[in-house]
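Being a predicted model, the structure only gives us computed values, none of them experimental. The first residue of the sequence shown is numbered 1, and numbering continues consecutively from there.
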Amino acid sequence: MTTKSNKDKKIPQRSCVICRVKADKDKLIRIAKSPDGKAVVDVHKKLQGRGIYICPDSDCIEKAKKSMGAFADDNFWQELESLAGNFKPDTAMKIRSLLGLARKSGLLMIGSDSIERSKTRKILVMTADDCSENIRKFSASYENITLEMNSEELSAVIGTKGSVQIVGLPLTSGLAKKLLDLNIEKGE
(Lines give C-alpha, C1' and ligand atoms only; values in the text may rest on other atoms or scores of the structure.)
Protein backbone atom coordinates (compact mmCIF):
# COMPACT_ATOMS: atom_id res chain seq x y z
CA MET A 1 0.00 0.00 0.00
CA THR A 2 1.35 3.43 -0.86
CA THR A 3 0.25 7.04 -0.66
CA LYS A 4 1.23 9.90 -2.93
CA SER A 5 2.98 13.06 -1.81
CA ASN A 6 2.56 16.53 -3.24
CA LYS A 7 4.84 15.61 -6.15
CA ASP A 8 2.91 12.39 -6.94
CA LYS A 9 5.83 10.38 -5.64
CA LYS A 10 4.71 7.12 -4.05
CA ILE A 11 5.61 6.82 -0.38
CA PRO A 12 5.74 3.21 0.84
CA GLN A 13 3.58 2.31 3.83
CA ARG A 14 4.80 0.19 6.75
CA SER A 15 3.18 -1.07 9.95
CA CYS A 16 4.45 -0.52 13.47
CA VAL A 17 5.24 -3.96 14.92
CA ILE A 18 3.83 -2.89 18.28
CA CYS A 19 0.51 -1.12 17.60
CA ARG A 20 0.07 -2.35 13.98
CA VAL A 21 -0.79 1.13 12.70
CA LYS A 22 0.13 1.74 9.05
CA ALA A 23 1.99 4.93 8.22
CA ASP A 24 4.31 6.39 5.64
CA LYS A 25 7.71 4.70 5.92
CA ASP A 26 9.42 8.02 6.75
CA LYS A 27 7.18 8.54 9.81
CA LEU A 28 8.38 5.32 11.45
CA ILE A 29 11.74 4.22 12.85
CA ARG A 30 13.38 1.19 11.21
CA ILE A 31 15.14 -1.41 13.32
CA ALA A 32 17.43 -3.96 11.69
CA LYS A 33 19.44 -6.93 12.93
CA SER A 34 23.22 -6.68 13.02
CA PRO A 35 25.38 -9.67 11.96
CA ASP A 36 25.80 -10.58 15.65
CA GLY A 37 22.03 -10.79 16.08
CA LYS A 38 21.57 -7.55 18.03
CA ALA A 39 19.01 -4.89 17.20
CA VAL A 40 20.31 -1.64 15.68
CA VAL A 41 18.49 1.57 14.81
CA ASP A 42 18.62 1.95 11.03
CA VAL A 43 18.72 5.76 10.84
CA HIS A 44 19.07 5.89 7.05
CA LYS A 45 16.71 2.93 6.46
CA LYS A 46 19.27 1.26 4.18
CA LEU A 47 20.81 -1.59 6.20
CA GLN A 48 20.61 -5.00 4.53
CA GLY A 49 18.06 -7.57 5.48
CA ARG A 50 14.54 -7.43 6.74
CA GLY A 51 13.80 -4.74 9.23
CA ILE A 52 10.92 -3.89 11.49
CA TYR A 53 9.29 -0.52 11.98
CA ILE A 54 8.13 1.16 15.15
CA CYS A 55 6.24 4.36 15.88
CA PRO A 56 8.31 7.19 17.37
CA ASP A 57 5.90 7.05 20.30
CA SER A 58 6.90 6.45 23.93
CA ASP A 59 4.12 3.86 24.46
CA CYS A 60 5.28 1.77 21.51
CA ILE A 61 8.92 2.06 22.59
CA GLU A 62 8.07 0.94 26.15
CA LYS A 63 6.19 -2.09 24.84
CA ALA A 64 9.08 -2.86 22.48
CA LYS A 65 11.49 -2.84 25.44
CA LYS A 66 9.47 -5.58 27.08
CA SER A 67 9.32 -7.78 23.97
CA MET A 68 12.79 -7.10 22.50
CA GLY A 69 14.88 -6.79 25.65
CA ALA A 70 17.15 -9.76 24.90
CA PHE A 71 18.01 -8.46 21.42
CA ALA A 72 19.03 -4.92 22.40
CA ASP A 73 21.39 -3.22 24.84
CA ASP A 74 21.09 0.08 26.74
CA ASN A 75 22.83 2.01 23.93
CA PHE A 76 20.19 0.81 21.46
CA TRP A 77 17.33 2.04 23.66
CA GLN A 78 19.04 5.39 24.25
CA GLU A 79 19.54 5.86 20.51
CA LEU A 80 15.96 4.82 19.77
CA GLU A 81 14.52 7.22 22.37
CA SER A 82 16.77 10.02 21.14
CA LEU A 83 15.72 9.47 17.54
CA ALA A 84 12.03 9.28 18.54
CA GLY A 85 12.44 12.58 20.39
CA ASN A 86 13.72 14.22 17.19
CA PHE A 87 10.65 13.23 15.16
CA LYS A 88 8.25 16.07 14.61
CA PRO A 89 5.19 15.30 16.77
CA ASP A 90 2.36 14.11 14.59
CA THR A 91 -0.86 14.14 16.60
CA ALA A 92 -2.79 12.11 14.02
CA MET A 93 -0.10 9.41 14.07
CA LYS A 94 -0.13 9.31 17.89
CA ILE A 95 -3.93 8.97 17.92
CA ARG A 96 -3.72 6.11 15.39
CA SER A 97 -1.00 4.44 17.45
CA LEU A 98 -3.03 4.69 20.67
CA LEU A 99 -6.12 3.27 18.95
CA GLY A 100 -4.00 0.37 17.65
CA LEU A 101 -2.63 -0.28 21.14
CA ALA A 102 -6.15 -0.13 22.61
CA ARG A 103 -7.35 -2.73 20.09
CA LYS A 104 -4.35 -4.95 20.74
CA SER A 105 -4.85 -4.74 24.52
CA GLY A 106 -8.53 -5.74 24.25
CA LEU A 107 -9.83 -2.50 25.78
CA LEU A 108 -11.38 -1.09 22.62
CA MET A 109 -15.15 -1.37 22.22
CA ILE A 110 -16.09 -1.45 18.55
CA GLY A 111 -19.55 -0.28 17.51
CA SER A 112 -22.44 1.25 19.41
CA ASP A 113 -23.77 -2.16 20.52
CA SER A 114 -20.48 -2.98 22.21
CA ILE A 115 -20.42 0.41 23.92
CA GLU A 116 -24.06 0.08 25.01
CA ARG A 117 -23.42 -3.39 26.51
CA SER A 118 -20.58 -2.05 28.64
CA LYS A 119 -21.19 -2.15 32.37
CA THR A 120 -19.86 1.38 32.78
CA ARG A 121 -21.14 4.70 31.47
CA LYS A 122 -17.68 6.23 31.93
CA ILE A 123 -16.54 5.69 28.36
CA LEU A 124 -14.60 7.83 25.92
CA VAL A 125 -16.44 7.50 22.62
CA MET A 126 -14.64 8.31 19.37
CA THR A 127 -16.49 8.70 16.09
CA ALA A 128 -15.34 8.81 12.49
CA ASP A 129 -15.82 12.23 10.89
CA ASP A 130 -18.28 10.72 8.40
CA CYS A 131 -20.44 8.87 10.94
CA SER A 132 -24.22 8.81 10.62
CA GLU A 133 -26.49 11.25 12.44
CA ASN A 134 -27.72 8.39 14.66
CA ILE A 135 -24.16 7.61 15.77
CA ARG A 136 -23.56 11.32 16.42
CA LYS A 137 -26.67 11.47 18.63
CA PHE A 138 -25.64 8.25 20.40
CA SER A 139 -22.16 9.59 21.16
CA ALA A 140 -23.55 12.83 22.65
CA SER A 141 -24.45 11.03 25.89
CA TYR A 142 -20.78 10.13 26.47
CA GLU A 143 -17.47 11.95 26.69
CA ASN A 144 -16.75 12.06 22.97
CA ILE A 145 -14.22 12.99 20.31
CA THR A 146 -14.70 13.23 16.57
CA LEU A 147 -11.62 11.73 14.94
CA GLU A 148 -10.00 13.27 11.88
CA MET A 149 -10.48 10.09 9.86
CA ASN A 150 -13.36 8.54 7.99
CA SER A 151 -14.96 5.21 8.88
CA GLU A 152 -12.79 3.27 6.40
CA GLU A 153 -9.61 4.78 7.87
CA LEU A 154 -10.81 4.02 11.40
CA SER A 155 -11.48 0.42 10.38
CA ALA A 156 -7.96 0.12 8.94
CA VAL A 157 -6.36 1.64 12.06
CA ILE A 158 -8.03 -0.87 14.38
CA GLY A 159 -7.59 -3.75 11.95
CA THR A 160 -11.19 -4.63 11.17
CA LYS A 161 -12.96 -5.23 7.89
CA GLY A 162 -15.93 -3.19 6.85
CA SER A 163 -16.74 0.27 8.03
CA VAL A 164 -16.46 1.23 11.72
CA GLN A 165 -18.10 4.51 12.68
CA ILE A 166 -17.65 4.46 16.47
CA VAL A 167 -15.29 3.00 19.07
CA GLY A 168 -15.02 3.41 22.82
CA LEU A 169 -12.53 3.08 25.67
CA PRO A 170 -13.10 3.07 29.43
CA LEU A 171 -12.36 6.59 30.67
CA THR A 172 -10.33 5.07 33.50
CA SER A 173 -7.76 3.63 31.08
CA GLY A 174 -4.47 5.42 30.53
CA LEU A 175 -5.00 5.19 26.77
CA ALA A 176 -8.28 7.15 27.02
CA LYS A 177 -6.56 9.84 29.08
CA LYS A 178 -3.78 10.13 26.51
CA LEU A 179 -6.31 10.38 23.67
CA LEU A 180 -8.15 13.16 25.50
CA ASP A 181 -4.86 15.01 26.09
CA LEU A 182 -3.95 14.69 22.41
CA ASN A 183 -7.38 15.98 21.39
CA ILE A 184 -6.92 19.02 23.67
CA GLU A 185 -3.42 19.69 22.22
CA LYS A 186 -4.82 19.41 18.70
CA GLY A 187 -7.56 21.93 19.47
CA GLU A 188 -5.16 24.60 20.70
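With hydrophobic clusters built from ILVMFWY side chains whose heavy atoms lie under 4.5 angstrom apart, M68 shares a cluster with L80. Taken together through direct or relayed side-chain contacts under 4.5 Å among Ile, Leu, Val, Met, Phe, Trp and Tyr, L175 and I158 form part of one hydrophobic cluster. Cluster annotation: Y142 is not connected to L182 through the hydrophobic network of ILVMFWY side chains, with a link wherever side-chain heavy atoms come within less than 4.5 Å.
To the nearest 0.5 Å, the span separating CD on E79 from CD1 on I29 amounts to 9.5 Å. Rounding to the nearest 0.5 Å gives a distance of 14.0 Å between SG of C55 and CZ of R14. The structure places CD of Q13 at 9.5 Å from CG of D26, a figure rounded to the nearest 0.5 Å. With rounding to the nearest 0.5 angstrom, the OG1 atom of T120 is 8.0 Å from the CG atom of L171. Of the inter-residue distances, the one linking R96 atom CZ with E148 atom CD reads 10.0 Å to the nearest 0.5 angstrom. A distance of 10.5 Å separates CG of N150 from CD of Q165, quoted to the nearest 0.5 Å.
Other residues, nucleotides and ligands contribute only 12 or fewer heavy atoms inside 6.0 Å of the CG atom of D74. In K122, the NZ atom is not crowded: 12 or fewer heavy atoms of neighbouring residues, nucleotides or ligands sit closer than 6.0 Å. Atom NZ of K33 is surrounded by 12 or fewer heavy atoms from other residues, nucleotides or ligands within 6.0 Å.
For the pair L99/M126, a side-chain contact is recorded, criterion being any heavy-atom separation below 4.5 Å from C-beta on. You'll find the side chain of S67 reaches within 4.5 Å of the side chain of I18, heavy atoms only.
Between T146 and D129, the shortest heavy-atom contact is CG2-CA, 3.9 Å. Taking both residues in full, the closest heavy atoms of G168 and I115 are given as N-CD1, 3.8 Å, listed atom of the first, atom of the second, then distance. Nearest approach of V40 to S34, heavy atoms of both residues: CG1-CB, 4.0 Å. When every heavy atom of P170 is checked against every heavy atom of A176, the shortest pair comes out as O-CB, 3.3 Å. Of all heavy-atom pairs spanning L47 and R30, the tightest one is O-NH1, 3.3 Å.
Side-chain contact of D130 with S151: a donor-acceptor pair under 3.5 Å is present, judged by distance alone.
Side chain of S155 to main chain of T160: no donor-acceptor pair is present (N/O by atom type, distance under 3.5 Å, no hydrogens or angles).
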